[in-house]
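One structure is given here, and the rest of the page talks about it.
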Amino acid sequence: MSQTATARGEQWNSTGATAEAAPEPCVFVLFGASGDLARRKLLPALFQLYQRGLLPESFALVGASLSPLGREGFQASIRSSLEQSLGEQDGTAWQAFARRLDYVAMDLSRAEDYTRLGERLSQVDREWGTRGNRLFYLSVAPKLFGPVVDHLGAAGLARARSGSWVRIIVEKPFGTDLSSARQLNARLHRHFDESSIYRMDHYLGKEMVQNLLVLRFANGLFEPLWNRQHIDHVQITNAEALGMEGRGGSYEQSGAVRDMIQGHVFQVLSLLAMEPPQDLSPESVRSAKVEALQTARAFSPERIRTECVRGQYGPGQSGGSLVPGYRQERGVAADSGVETYALLTMRFDSMRWAGVPFYVRSGKRLKERVTEVVVRFKPGPFHFPGLDGQEQTEGNRLVIRIQPEEGLALRINTKVPGRGLRMREVDLSFLYAQGFGERLPEAYEPLLLEGLLGNSTLYTRRDMVERSWELVMPVLEAWGATKAEPNYAAGTWGPAEARSLLESQGRAWNRE
Ligand code: BG6
């Protein structure tokens with residue numbers, strides 16, 4: 001297979017936005033500007049967009065958080081975080097970017113502080129010609145989402161002036177269960193229209209996740225085969241090699257289902273399972289995704305018992321060293337029952353997917369960091385008489401590697417050279433890095449750009465977030481009633497039950 005990508009259809013991408021579109025003038029208001037996410041991901045992504053000429057000329061950023069930084073202190077702290085992620089920064093690009101950075105020290109729970117913020121934003125509008133267009137970004141502790149939204153509303157900052165726009169991006173986690181997600185949606189809707197609410201899921205910014213639409217619907221090879229007639233089952237593996245990295249305290253409130261499956265993994269799942277959208281508008285694409293989840297079968301107690309597996313890592317080996325178990329991590333209770341691994345068998349009651357299981361698994365401290373989808377096709381219908389059947393019963397496999405080393409591999413049966421007819425599986429493979437020869441942007445770059453452009457395709461709609469919670473609730477409730485026990489060693493592929501579950505159905509994980 002050729003490793004060189006052609007640039008056909010350059011104007012067209014999965015978001016429906018053209019590559020050339022430029023955002024309108026605006027102020028980006030970053031709540032939680034001195035926090036970890038802002039420093040590690042958001043500000044470097046914005047700076048990269050700026051360097052690539054993708055931000056408007058009239059662009060300014062106002063950081064807002066409790067730290068008494070002052071404008072210069074804020075600029076210096078951003079510069080040092082950019083240096084950590086992107087290397088030394090003292091060029092003209094940095095100077096020009098730094099001029100656009102302002103800071104307001106404020107207590108996010110105090111109404112008066114929002115009046116001050118509003119005054120500063122008006123000043124910035126005058127100084128930078130940002131025309132009253134505002135993008136608020138909530139990169140704060142989840143307990144502050146609701147209060148910040150209410151305060152913005154009360155201070156009149158959620159309403160756009162005529163001819164301007166106001167948008168709000170809400171970081172994850174969006175609720176901790178169905179009822180808290182509904183409450184947060186209701187609170188947001190008191191002040192903002194759905195069309196101006198952008199719920200963040202950074203997996204939607206990953207190139208290979210965006211590519212799923214193109215892969216499925218722009219390839220005559222795959223589109224006709226993408227159904228129960230030809231697909232035996234699908235696997236989604238989301239594996240991390242790292243453990244808690246100091247986040248044990250907050251992970252105690254979540255676990256693998258809340259942290260990864262309900263959001264990131266279901267985004268991938270819905271793109272794999274959905275029907276073709278009518279067009280590439282945000283509403284059509286997002287409707288097709290949520291409609292797919294509407295057909296997902298609910299988890300009965302029986303299904304939870306026989307088709308789901310949870311796990312928690314004990315001590316083990318990772319990256320060549322001994323690492324502690326989950327219960328020994330900082331901030332974690334010594335008898336914690338939180339799952340660090342989850343396998344859910346998803347089934348769709350639809351014409352397309354009847355009888356095709358989608359095995360989704362996600363875990364911490366697994367053998368390696370890899371997120372991939374494996375589509376396992378049914379084996380060919382015919383056995384050559386006289387051949388050992390074992391070799392030819394392998395169905396073809398399409399492996400979609402989301403990270404790292406983004407790419408595709410199509411595993412097919414081929415004849416081993418020499419006399420006779422022996423077969424072996426070989427890969428037709430494509431690696432993004434080789435095919436396109438350029439750096440793939442970090443997920444936050446395309447996401448922030450789309451938010452600035454007002455394209456919400458890559459953001460989660462209200463019905464999707466609520467449906468995702470609805471699906472996992474029975475699992476959370478059943479698992480919450482008892483404790484997960486350590487049942488896999490760090491640095492392995494997870495609990496033995498996850499392997500035997502597939503084995504009992506005559507299947508095997510692509511990696512184990
Ligand atoms: C976050 C989770 O949303 O995603 C983390 O809270 C997880 O626990 C991270 O490590 C994984 O993101 P990525 O892009 O590294 O796969």
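Each ligand, and each atom within it, is numbered from 1 in the order the structure gives.
Ranking protein heavy atoms by distance to atom 12 (O) of ligand 1, first place goes to H202 NE2, 3.2 Å. For atom 10 (O) of ligand 1, the nearest non-hydrogen atom of the protein is E240 OE1, 2.6 Å. In terms of protein heavy atoms, atom 15 (O) of ligand 1 is closest to R369 NH2, 3.5 Å.
Contact atoms of ligand 1 toward K206: 13 (P), 14 (O), 16 (O) (distance under 4.0 Å to a heavy atom of the residue). Listed by number with element, the atoms of ligand 1 under 4.0 angstrom from any heavy atom of R247 are 5 (C), 6 (O), 8 (O). Distances below 4.0 Å separate heavy atoms of K364 from the following atoms of ligand 1: 5 (C), 7 (C), 8 (O), 10 (O). When each atom of ligand 1 is checked for a heavy atom of K172 under 4.0 Å away, the hits are 1 (C), 2 (C), 3 (O), 6 (O).
Classified by interplanar angle (parallel below 30°, tilted 30° to 60°, perpendicular above 60°), the ring pair F28/F59 is tilted.
The shortest non-hydrogen separation linking L54 to P23 is O-CD, 3.2 Å. Among all heavy-atom pairs drawn from P315 and Q328, the shortest one is CG-OE1, 3.8 Å.
Among the candidates T237, N238, T371, the single residue satisfying the side chain to side chain contact (heavy atoms under 4.5 Å, CB included) test with V265 is N238.
In this structure, R247 fails the cation-pi test against Y251, since its NZ or CZ atom is not both closer than 6.0 Å to the six-membered ring centre and inside 45 degrees of the ring normal.
Residue Y203 touches ligand 1 through its side chain alone, judged by heavy-atom distances below 4.0 Å.
Enclosure of atom CD in E442 is not indicated, since only 12 or fewer non-hydrogen atoms of other residues, nucleotides or ligands lie within 6.0 angstrom.
With hydrogens and angles ignored, the 3.5 Å screen pairs no side-chain donor or acceptor of R286 with any backbone N or O of T457.
Using a 4.0 Å heavy-atom cutoff, D259 is listed among the residues neighbouring ligand 1.
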